[in-house]
Amino acid sequence: MTTLKNDLLLRTLKGESVERPPVWMMRQAGRYLPQYMVLREKFGFFERCQTPELACEITIQPIDIIGVDAAILFSDILVVPQAMGLEVQLIESKGPVLPDPIKTINDLSRVRVPDVDDTLNYVFDAIKLIKQELNGRVPLIGFAGAPWTLLCYMVQGKGSKTFDEAKGFCYTQPETAHKLLQMITDTTIAYLKKQVMAGADVVQVFDSWGGLLSPADFEEFSLRYIRQIISALKEMAPTILFAKGAWHSLEPMAATGATALGIDWCITPQVARQLAGPGVVLQGNFDPAKLVSPIPVIKKEVKQMLAAFGGQRHIANLGHGILPNIPVDHARAFVDTVKEFQSSRTTIAV
Ligand code: CP3
């Protein structure tokens with residue numbers, strides 16, 4: 001095994017005192033990079049995900065171009081519903097579309113808990129190739145969608161601001177919803193374990209739509225299943241749990257045993273620390289839309305964010321994915337400002 005040259009992320013996740021926070025950006029491999037757009041012209045989205053050489057090249061682009069401290073596998077959370085038997089398309093200017101969504105218990109016969117070695121084997125091949133190509137430069141983050149967020153797409157059949165049909169399904173057919181959530185959970189556990197076995201150093205669970213649920217419904221339809229995933233993975237690799245908008249549940253999320261919790265920009269680092277407790281690492285939380293600001297403003301605001309987190313037990317990141325309209329030098333300014341920061345070795349924001 002190659003030893004890591006940049007292990008700042010892993011040391012932070014171990015709770016060690018570090019010289020500065022590690023930095024990466026959610027969706028760092030994506031449309032704001034001209035080099036990504038070149039490959040996007042030539043290949044379809046799932047072709048890019050399913051071809052290990054392409055996934056590898058796209059994963060490494062932000063390491064070379066922006067200089068982040070971690071790579072995140074280029075793939076998508078929707079490869080899991082695909083592996084479970086549903087058709088998923090990605091339509092330009094429309095986003096993901098699932099033409100035959102789950103609406104009733106009868107539709108469950110069309111989904112299965114697949115053997116991930118047969119259906120998602122291209123992901124594990126990509127991870128092995130990426131690890132080889134990275135050659136220890138930075139660690140690799142694997143990921144999956146949280147069961148609730150995947151249910152949202154599997155039931156609604158497309159993106160939505162409210163996912164009202166997915167919620168309606170849970171509230172009117174709770175038994176069917178729980179069956180589906182358990183199937184997604186079982187698939188995800190096997191999938192993430194295999195990602196770690198293939199070489200992922202850390203895994204992140206994305207619950208992008210967790211914030212649409214009330215605290216009680218978040219517990220019932222989301223956290224219950226996330227807890228199973230974190231428990232199954234935590235002996236194998238550090239885990240990062242990002243449930244966007246679900247700040248009200250930071251305390252129970254910390255109790256899952258996740259190594260780190262992602263937060264968005266709608267909560268201050270100080271309040272997040274109070275809710276999550278002193279032990280867990282926090283990740284976030286720069287507003288991605290603010291990266292359109294002039295570079296001096298970005299630098300000033302990033303420094304304020306870093307100071308508010310206190311320099312330790314913090315992974316600098318955006319509060320959600322980087323947007324396609326962000327100039328590359330603005331993304332670089334975000335990353336460089338974190339790299340210039342010097343953490344005090346004693347302060348942990350409480
Ligand atoms: O972070 C990374 O760079 C790794 C790659 C990654 C992608 N999707 C690539 C992608 C990751 C971690 C994801 C996760 C993902 N996918 C989430 C959770 C994170 C989040 O942003 O909330 C969700 C909800 C999805 C589902 C999805 N995939 C949507 C809604 C879309 C369309 C909207 C959009 O941002 O384009 C996608 C497509 C997608 N996934 C793209 C990329 C780079 C854009 C594809 C393209 O047009 O080239």
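From a predicted model like this one, the values you see are computed outputs, not experimental measurements. Note that ligands are numbered from 1 as they come in the structure, with each ligand's atoms numbered from 1 the same way. Only heavy atoms go into these numbers, but all of them, side chains included; no hydrogens, no water, no symmetry mates.
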Residue portion contacting ligand 1 (non-hydrogen atoms closer than 4.0 Å) for E92: neither
Close-contact set for ligand 1 against L90 heavy atoms, below 4.0 Å: 37 (C), 38 (C), 45 (C)
Student check: side-chain heavy atoms of Q35 and E57 closer than 4.5 Å: no
Candidate with minimal heavy-atom separation from atom 24 (C) of ligand 1, of Y153, W24, F242: Y153
Nearest neighbour in protein (non-hydrogen) for atom 23 (C) of ligand 1: I77 CD1, 3.4 Å
Main-chain N/O of M26 paired to N317 side chain as donor or acceptor, under 3.5 Å: yes
Residue and atom name of the nearest protein heavy atom (relative to atom 11 (C) of ligand 1), distance in Å to one decimal: F143 CZ, 3.6 Å
The single option from V80, L98, L78 passing side-chain contact (heavy atoms from CB on, under 4.5 Å) against L86: L98
Shortest protein contact, atom 40 (N) of ligand 1 (heavy atom only): D76 OD1, 2.7 Å
Aromatic plane relationship, F163 with W209 - under 30° parallel, 30 to 60° tilted, over 60° perpendicular: tilted
Contact summary for F309 and G284, nearest pair of heavy atoms: CE1-O, 3.8 Å
Selection from R40, K158, Q28 by shortest heavy-atom distance to atom 46 (C) of ligand 1: R40
Flag for Q228-Q182: side-chain donor and acceptor within less than 3.5 Å: yes
Least distance between heavy atoms, I91 atom then Q89 atom: CD1-OE1, 3.5 Å
Those atoms of ligand 1 less than 4.0 Å from some heavy atom in R48: 48 (O)
Side-chain touch M154/I184, heavy atoms, less than 4.5 angstrom: yes
H320 contact mode with ligand 1 (heavy-atom cut-off under 4.0 Å): side chain
Min heavy-atom dist L73 to ligand 1 below 4.0 Å: yes
For atom 32 (C) of ligand 1, the protein heavy atom that lies nearest, with its residue and separation: P96 CD, 3.9 Å
For S208, the ligand 1 atoms whose distance to one of its heavy atoms is below 4.0 Å: 18 (C), 19 (C), 20 (C), 22 (O), 24 (C)
Distance from atom 34 (C) of ligand 1 to nearest protein heavy atom, with residue and atom: R31 NH2, 3.0 Å
Selected option - heavy-atom contact closest to atom 9 (C) of ligand 1, from A55, S75, A29: S75
From T149, D207, D217, residue fulfilling side-chain contact (heavy atoms from CB on, under 4.5 Å) relative to S222: D207
R27 N/O to ligand 1 N/O under 3.5 Å: yes
Shortest heavy-atom approach to atom 48 (O) of ligand 1 - which of F43, F45, Y36: Y36
L151 CG to Q156 CD distance, which is reported to the nearest 0.5 Å: 10.0 Å
